[in-house]
Amino acid sequence: MSMFKKVLLAIGLLVATGSVALAQGTLKGTITDSKTQEPLPFVNVVAKQDGQQIRGGQTDFDGVFTIKPLPVGKYDIEVSSVGYQKYVRTGITVTASGFTIADVQLVPTATNLEEVVIVEQKVPVIEIGTPESGSRLSSDDIARMPGTSVDAIVAAVGGVGYSDGGTSTARGEDGMVTMQGGVRKRTGIQAPKEAIAEIQVILGGTPASIGEAIGGTQIITLKPPSSQFKGIIKYEGWLDYRLANSLMAYLTGPLVKKKYNLEGGGTTERTLVGFRLTAQGSFTKSGLYRVKSNRYQMVNDATVRYIEQNPLAYDPLTGAVNYTAETCLGKDDFVTFTRPKASDFGDDKSRVPNLSSYGIAAEGAVDFRFSDYATLTVTGEFAYSKSPSASLAGLALNLSRQGVNVTESSTYGITLDFTQRFPDATDQPADATLPETKKSALLTNVMYNITAMYSRSNSKSYNSNYGSSLDDIFKYGYIGQFVTNRSRSYSSATQVDYNGVKQSAFVQNGWRDQIESFTPDKDHEVLANYNTQLLGIDDLKGSINNFNDLIEYKGLRNGDGPASIYGLFTNVGVTDNTFGYGRTDYYYFQAKASAEIKGHEIEIGFQYDRFSSASYSLNAYGLWTLMRQEANKHIQQLDFSNPNYRWEGSNLYVDYDPLYVADQQESFDIAMRQYLGMAKNDVSWIDIDRYSPDDFVSAGGIKMFSTDELFNQGSSYVSYNGYDHTGEKYNGRNWTLEDFYNPSAAGHANYRYLPAFSPTYMAGYIQDKFYFQDLIFNVGVRLDYFDGNQYVLKDPYLLYESYTVGDLNKGAAQYSGKIYNGAGDDWVVYVDDATAAKPNILGYRNGSVWYNANGVEVASPSNIAGKSGQPTPYRTAKGTALSRIIR
């Protein structure tokens, strides 16, 4: 098979599989005669790792050699030439960017015996192989650092801000650019430090291949698969207030090896397929734990239990009802704790909160070495974490209910990196033992690289007491079942026309609700106690008839919560009602090619970067208020056109049925009536709080509501983008303002879609990297393109299409007065009354500059305000129609 076909096959494999990048480094140096200091041409240099020959090269006429690409790590080099002692230098660290310099002086010898000079590489005080400013941390440096995360490690670099164990700013700017294996990461770094070969923090001199990085760049390079089996298992525990634990396992080695015969005799092995696998898990008992100097205060559990059973305090002398926590708490009821223990909760161990969090992460790579010149690396990663949250306001009275609000997140991704290097005339094969002198070429180290990556991150927040699916949201805020009797209310006796005769009668003027019973829900026992206690007070039985009375005496409807105590901490029974989820998809593609021309490393590349961020959140408690608001909305009025007369003894009563107003009936009401077996136009009253969460799920769940019902005229119960109002994923992108405000006309029924935030970023660059003596030069040009893929207003002052001076000059609309002669055709026209047939022109606007009707610039737009008191643009017919739809 020809080389061209092999390249096509490799590229095809890339497209079909997907992948993650393995960073490549460059080893460069000058070979000179130790006595004459003259450069030595055609000297053979071989790079080895773990005793295996990786790649070779040869010096040019100036004695300069370049070996690339080399995976990041430590190498030994062997330098040999006829008439000189063989030279070996060990422990050379090859970095991911710039050059690793390894200059060598060969010692002449007159003997035929092989003499070898072995030198250990010394770490230079100042790194001279890179033009960037900042810091570079090797695997040895990272291993010595106490931090376990990338953020904690990078935070130790000068110029990088530090915030609670991680990075916050770099050079005073937020948001460092993070790259791993040449790929910009937007979903976090999951690899443990044991799998990291190098971290470079760039704070200045950013190369064109990276692009904009105002706050700096952190480049993480992972260790390549080893040619020898290696492994480590490590456990770490912190016996401080966190009680955190972590377990890590790292394994690397060859999967497929092949033996080769050496030219001078003997054999050697080469790894054709290698692997790397890292897995780690972490567990923290509680993030709330604190050292003695920062302890928390809580009410002792015995007092809390009493208040939970008796959350209200009734004063029979005044008839007032107050919260017990506001009347009985004193300083002796508070205790100080470092961390909650079982002994803090008496004999009921079930009250001990679960505040533990944990996470797992795995990362692995398989490296395919097709030849000395072609490699393919496939990398996959997965991470999952689950952690509870606790509110400081909830600790005093609700410590036992902390941690029920849970956040889960998961990330997985696959990346593929393919590198093809074309052989040079001076190349020495890795298994060669006999030096061969070859003529130096003008164009060397010609190679290209293709990288593709896809990752997805999911997140979810919910109350673990109730559930994480949309079918569970009706359990949020459900305190219990209320059975309410609805009866007619009447005005005092008035004169009515009864069969042509004036008759005194009691005329219906509305409806009166009476709470008949309340059945507490077991999952909200403490909140239900507010009602159970209140409805059990004999003195108040005649005073609490409906929900308004219940609220006045500090009772709770479904979806309600008690007020906080002194505005400092939450009352007993309160739990978090957060519910939401999101998804981020990230796509990355990069192609680059490079070559060396007389010491100049020329690189040209293209990058494509796109991510799609979608989220959905819902006010689950508030749904109960919304359901009471939307049900029966269309039967609030009385049908006065059809009176019903009836006698009770000697008293005449005039009754009215509810008036059915079809255009006020909401989607939720229709769905509930269908579930209850009622006709759509049935005027029977639906008692919302009589039904259980399971009933609402069976009736259709969140899909019972229309978008407008959940938006609730600006006081929204739902927030979303990339999903619809029912929580279903929406993958469309093109959505206009008119489509949003008039979805039915656009064929979208009653769904108002909001696309995900899906910006596209592309860049192309060319750069030249070279060095002159001890100076490194990095010169490049980069062209960036960013498309937010979002609709924005063409004119920041106009929401609706409006006439310009050019439109009026063409007779597009009628007007009163004259148009200022100096007005440009693109000036926007402002009038006194846009609804008038021939409105008067009051002024104009050119960009952000305002003019009156005579073309004189005015200081404020209020100087040309219309009848509404605001500047009124002369809207077109289309703009007027759209404004009416929105209203």
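Quick caveat, the model's predicted, so the values are computed rather than measured. Worth knowing before you read on, the calculation uses all heavy atoms, side chains too, and leaves out hydrogens, waters and symmetry mates.
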- Task: Examine distances only and state if a side-chain atom of Glu630 and a backbone atom of Phe705 form a donor-acceptor pair shorter than 3.5 Å.
- Result: no
- Item | Side chains of Asn499 and Tyr645 in contact at under 4.5 Å (non-hydrogen atoms) | no
- Is the Tyr753 ring parallel, tilted or perpendicular to the Tyr751 ring (thresholds 30°, 60°)? tilted
- Item | Residue from Lys680, Lys633, His634 passing side-chain contact (heavy atoms from CB on, under 4.5 Å) with Asp669 | His634
- Item | Shortest non-hydrogen contact from Asp539 toward Pro316 | OD2-CB, 4.3 Å
Show me, pair by pair, the donor-acceptor contacts under 3.5 angstrom made by side chains of residues 475-482, not counting sequence neighbours?
{"unit_1": "Lys475", "atom_1": "NZ", "unit_2": "Asp472", "atom_2": "OD1", "d": "3.4"}
{"unit_1": "Tyr476", "atom_1": "OH", "unit_2": "Asn463", "atom_2": "N", "d": "2.9"}
{"unit_1": "Tyr476", "atom_1": "OH", "unit_2": "Gly467", "atom_2": "O", "d": "2.9"}
{"unit_1": "Gln481", "atom_1": "NE2", "unit_2": "Arg690", "atom_2": "O", "d": "2.9"}

- Going through the checks in order, is the side-chain hydrogen bond (donor to acceptor under 3.5 Å, both in side chains) test met by Thr411 and Ser457? CA-CA 4 Å; Thr411 299; Ser457 295; 3.0 Å; yes
- Message: What I'd like to find out is whether the side chain of Gln309 reaches to under 4.5 Å of the side chain of Glu525, using heavy atoms alone.
- Response: yes
- Any side-chain heavy-atom pair of Tyr691 and Phe474 under 4.5 Å: no
- Query: More than 12 foreign heavy atoms under 6.0 Å from NZ of Lys522: is that the case here?
  - Reply: no
- So, does Asn712 use its side chain to make a donor-acceptor pair with the main chain of Ser715 at under 3.5 Å? yes
- Please tell me if the side chains of Ser385 and Tyr358 come closer than 4.5 Å, counting only heavy atoms from C-beta onward. no
- Message: Could you walk me through whether Ser698 and Asp695 satisfy the side-chain hydrogen bond (donor to acceptor under 3.5 Å, both in side chains) test, starting with their C-alpha distance in whole Å, then the side-chain angles of each, then the deciding distance to 0.1 Å, before giving a yes or no?
- Response: CA-CA 5 Å; Ser698 300; Asp695 288 319; 5.7 Å; no
- Query: Run the ring pair (Phe, Tyr, Trp, His ring centres under 6.0 Å) check on Tyr466 and His524 step by step: do they pass?
  - Reply: CA-CA 10 Å; Tyr466 313 130; His524 287 84; 4.8 Å; yes
- Query: Yes or no on side-chain hydrogen bond (donor to acceptor under 3.5 Å, both in side chains) for Glu408 and Tyr462, after CA distance, side-chain angles and deciding distance?
  - Reply: CA-CA 9 Å; Glu408 290 184 66; Tyr462 59 92; 2.4 Å; yes
- Query: Less than 4.0 Å between a side-chain N and a carboxylate O, is that true for Arg646 and Asp655?
  - Reply: yes
Would you give me the side-chain donor-acceptor pairs under 3.5 Å for residues 509-520, sequence neighbours excluded?
{"unit_1": "Asn509", "atom_1": "OD1", "unit_2": "Ser489", "atom_2": "OG", "d": "2.8"}
{"unit_1": "Asp513", "atom_1": "OD1", "unit_2": "Arg486", "atom_2": "NH1", "d": "3.3"}

- Task: Give a yes or no on whether a salt bridge exists between Asp708 and Arg752, defined as a side-chain N under 4.0 angstrom from a carboxylate O.
- Result: yes
- Task: Please name the pair of heavy atoms, one in Tyr730 and one in Leu754, separated by the smallest distance, quoted to 0.1 Å.
- Result: CD2-O, 4.2 Å
- Begin with the C-alpha distance, continue with both residues' side-chain angles, and end with the deciding distance and a verdict on side-chain hydrogen bond (donor to acceptor under 3.5 Å, both in side chains) for Asp471 and Ser469. CA-CA 5 Å; Asp471 286 342; Ser469 76; 4.9 Å; no
- Query: Should the ring pair Trp647 and Tyr498 be called parallel, tilted or perpendicular, given that the plane angle runs from 0 to 90° and is split at 30 and 60?
  - Reply: perpendicular
- Message: Around atom CZ of Phe757, are there more than 12 heavy atoms from other residues, nucleotides or ligands closer than 6.0 Å?
- Response: yes
- Going through the checks in order, is the ring pair (Phe, Tyr, Trp, His ring centres under 6.0 Å) test met by Tyr581 and Tyr723? CA-CA 10 Å; Tyr581 48 85; Tyr723 295 87; 5.3 Å; yes
